[in-house]
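Structure first, then comments.
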Amino acid sequence: MTNIPATQSASSQDVVDTFGRPLRSLRLSVTDRCNLRCAYCMPEEEYVWLPREDVLTFEEMAQLAGYFTDLGVDKVRLTGGEPLLRRDLPRLIRLLLQNHNIKEIALTTNGILLSDHAEALYQAGLNRVTVSLDTLRPERFRQLTRRDEFARVLEGIESVGRAGFTGLKLDTVAIRGFNDDELIGLIEFGKHYQAEVRFIEYMDVGGANEWVPEKVLSRELILAAVGNYYGSIQPLPERGSAPAQRFQLPDGATFGIIPSTTTPFCSTCDRSRVTADGMWYRCLYATAGTDLRKPLREGVSAAEMLALIRGGWQSRRDRGAEERKALERAGLREGGLIGIDRLREDPHLEMHARGG
Ligand code: SAM
Ligand code: SF4
Ligand code: SF4
């Protein structure tokens, strides 16, 4: 029998941060490694990987998730790096599902290994799959990701429905001058697989040092292009803290926009992230996190772990994207978020380490 999260049965003690935002959604990065080199995320060929012994075991992840659920978390998203590079992910899902406070487990993947694992993931109880897909052109895919894996991603997308999943999402980083001519093609592709496409505005996070404001395809431009093609598009009601704004096309199909750069949604942000080696970040843009692995491995009590996480959330003031937007308005924003020297010193600051 594997470890059941230690605090599973404790009563819920929901906690809010300094702006009254609850702690609801946890992104668990299961590995920092990746089999692609997307230009906006891991532009270098070589990275300093986390030492194997530093990476949390599945039992440690489940135990940590148990503390978070005691404080209000009910949704867990598995991410990376590329999460399917971590062997036997279904075992982690089964472990997490022993915690009945978890209402939903989702996975964000680049899709390359998905067709090998979709069925086992479904059988293990995974609820939702999001596949990242930025282009439908194999050559563009290779240019963006430096790998010739487009065909396997398509196989992965096809395998999702076959395995039994519904509600597939396709996340597309919308990049001006790169894939702005594929918005309609991607929506149509999504319809074919009963998948909702969500266009994410390009963010200058971590090692995305190829970011320049001119490459951001804004929500307004996306809406204009899609509206121009389909005619009227209707906004759908917002869903609480969900980052995507959703829209309906005349034929009933839907798509989403995650306007992280031009219209930040920090005021309702209930998300935080744990890296594969147990660093906890309260914001995608945070430059400092809390080491949860050390106290976990030192065997501190559940009460102390809960106090650490509760205190960390209660003191949370992060509004990373809004602050960057304010700096930009004041003309004070220069270049990328974090310099390359700083990134080399602390790889946790990379997008791929903290899980997007
Ligand atoms: N490797 C998996 C994947 O690509 O789906 C999971 C991790 S990846 C870091 C999570 C998400 O972050 C992906 O959808 C990716 O497109 C997005 N992402 C990475 N860098 C980004 C950036 N600079 N701007 C916007 N989205 C980004
Ligand atoms: Fe691309 Fe995801 Fe890998 Fe980043 S972690 S390089 S977004 S596949
Ligand atoms: Fe949340 Fe930080 Fe993103 Fe704002 S920038 S939505 S606070 S993760």
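We count ligands from 1, going down the list as the structure has it; atoms in each ligand are counted the same way. Small disclaimer: the values here were computed from a predicted structure and weren't measured. One-based numbering along the sequence shown.
In terms of polar-atom proximity, defined here as any N/O pair under 3.5 Å, Ser132 does make such a contact with ligand 1. Geometrically, ligand 1 and Cys41 share no nitrogen or oxygen pair separated by less than 3.5 Å. Of the polar atoms of Thr109, at least one N or O is found under 3.5 Å from an N or O of ligand 1, judged by distance alone. Checked by distance only, ligand 1 and Gly81 come closer than 3.5 Å through their nitrogen or oxygen atoms. In terms of polar-atom proximity, defined here as any N/O pair under 3.5 Å, Tyr40 does make such a contact with ligand 1.
Counting atoms of ligand 3 from 1 in the listed order, those under 4.0 Å from a heavy atom of Gly320 are 2 (Fe), 5 (S). For ligand 2, the atoms sitting less than 4.0 Å from at least one non-hydrogen atom of Gly81 are 5 (S), numbered in the order shown with element in parentheses. Listed by number with element, the atoms of ligand 3 under 4.0 angstrom from any heavy atom of Phe265 are 6 (S). Under a 4.0 Å criterion applied to the non-hydrogen atoms of Tyr202, ligand 1 contributes the atoms 23 (N), 24 (N). Numbered from 1 in the order shown, with element, the atoms of ligand 1 that lie under 4.0 Å from a heavy atom of Glu201 read 25 (C). In the vicinity of Arg271, heavy-atom distances shorter than 4.0 Å reach the ligand 3 atoms 6 (S). For ligand 3, the atoms lying closer than 4.0 Å to a non-hydrogen atom of Tyr285 are 5 (S). Atoms of ligand 2 lying under 4.0 Å from any heavy atom of Met42, numbered from 1 in the order shown and given with element: 6 (S). Within ligand 2, the atoms closer than 4.0 Å to a non-hydrogen atom of Asn110 are 8 (S), numbered from 1 in the order shown. Short contacts between ligand 3 and Asp318, defined as distances under 4.0 Å to a heavy atom of the residue, involve ligand atoms 7 (S). Shown in contact with Thr79 at under 4.0 Å from a heavy atom are these atoms of ligand 1, numbered in order with element: 6 (C), 7 (C). Of all the atoms in ligand 2, the ones that sit under 4.0 Å from a non-hydrogen atom of Leu36 are 6 (S), 8 (S). The Asn110 neighbourhood of ligand 1 comprises atoms 2 (C), 3 (C), 5 (O), with distances under 4.0 Å to a heavy atom of that residue.
For the residue pair Arg282/Thr290, the side-chain donor-acceptor check at 3.5 Å is satisfied. Side-chain contact, Thr262 with Glu220: no donor N or O sits under 3.5 Å from an acceptor N or O. Defined by atom type and a distance below 3.5 Å, a donor-acceptor pair is missing between the side-chain atoms of Ser25 and Arg77.
The protein non-hydrogen atom at the shortest distance from atom 4 (Fe) of ligand 3 is Cys266 SG, 2.3 Å. Atom 5 (S) of ligand 3 has its closest protein heavy atom at Ala321 N, 3.1 Å. For atom 1 (Fe) of ligand 3, the closest non-hydrogen atom on the protein side is Cys269 SG, 2.3 Å. At the shortest separation from atom 3 (Fe) of ligand 3 among protein heavy atoms lies Leu284 CB, 4.4 Å.
Checking Leu170, Leu85, Val173 against atom 26 (N) of ligand 1, the nearest heavy atom belongs to Val173. Among Lys169, Arg198, Glu82, Met203, the residue whose heavy atom lies nearest to atom 2 (C) of ligand 1 is Glu82.
Considering only heavy atoms from C-beta on, Gln194 stays 4.5 Å or farther from Thr166 through its side chain.
Taking 2.8 Å as the criterion, Cys41 does not count as a coordinating residue of atom 3 (Fe) of ligand 2, since none of its N, O or S atoms falls below it. Residue Cys283: an N/O/S atom is found under 2.8 Å from atom 2 (Fe) of ligand 3.
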Chi angles and distances behind the ring-ring contact (aromatic ring centres under 6.0 Å, His included) call for Tyr67, Trp280: CA-CA 13 Å; Tyr67 299 129; Trp280 179 38; over 10 Å; no
Side chain to side chain contact (heavy atoms under 4.5 Å, CB included) assessment of Arg37 paired with Glu45: CA-CA 7 Å; Arg37 289 291 178 278; Glu45 190 56 44; 4.1 Å; yes
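When the shell of 6.0 Å around OH of Tyr122 is examined, it contains 12 or fewer heavy atoms from other residues, nucleotides or ligands. Annotation for Glu158: atom CD counts as buried by contact number, over 12 foreign heavy atoms lying within 6.0 Å.
If you look at Cys38 next to ligand 2, the close heavy atoms, those under 4.0 Å, come from the backbone and the side chain alike.
Between Arg293 and Glu60, none of the side-chain N atoms (NZ, or NE/NH1/NH2) sits under 4.0 Å from a carboxylate O, so this pair counts as no salt bridge. Ionic pairing of Arg316 and Asp17 is present here: one or more N-O contacts between side-chain nitrogen and carboxylate oxygen are shorter than 4.0 angstrom. The pair Arg142-Glu139 meets the salt-bridge criterion, with a side-chain N (NZ, NE, NH1 or NH2) lying under 4.0 Å from an Asp/Glu carboxylate O. A salt bridge links Glu188 to Lys191: at least one charged side-chain nitrogen sits closer than 4.0 Å to a carboxylate oxygen.
With Trp211 contributing its side chain and Val216 its backbone, the two residues share no donor-acceptor pair below 3.5 Å.
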Let me check something: any side-chain donor-acceptor pairs from residues 168-179 under 3.5 Å, sequence neighbours excluded? List them with distances.
unit_1 : atom_1 : unit_2 : atom_2 : d
Asp171 : OD1    : Arg198 : NE     : 2.8
Asp171 : OD1    : Arg198 : NH2    : 3.3
Asp171 : OD2    : Arg198 : NH2    : 3.2
Thr172 : OG1    : Leu133 : O      : 2.7
Asn179 : OD1    : Ile175 : N      : 2.8
Asn179 : ND2    : Asp134 : O      : 2.9
Asn179 : ND2    : Val173 : O      : 2.8

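The distance from the CZ atom of Phe199 to the CG atom of Leu183 is 4.5 Å, given to the nearest 0.5 Å. Here CD of Gln245 is found 11.0 Å from CG of Leu236. Values are rounded to the nearest 0.5 Å.
Residue pairs meeting the side-chain hydrogen bond (donor to acceptor under 3.5 Å, both in side chains) criterion with at least one partner in residues 80-89, sequence neighbours excluded, are Glu82-Thr109, Glu82-Asn110.
Residue Thr108 places a heavy atom less than 4.0 Å from ligand 1. Using a 4.0 Å cutoff on heavy atoms, Ser132 does not count as a contact of ligand 2.
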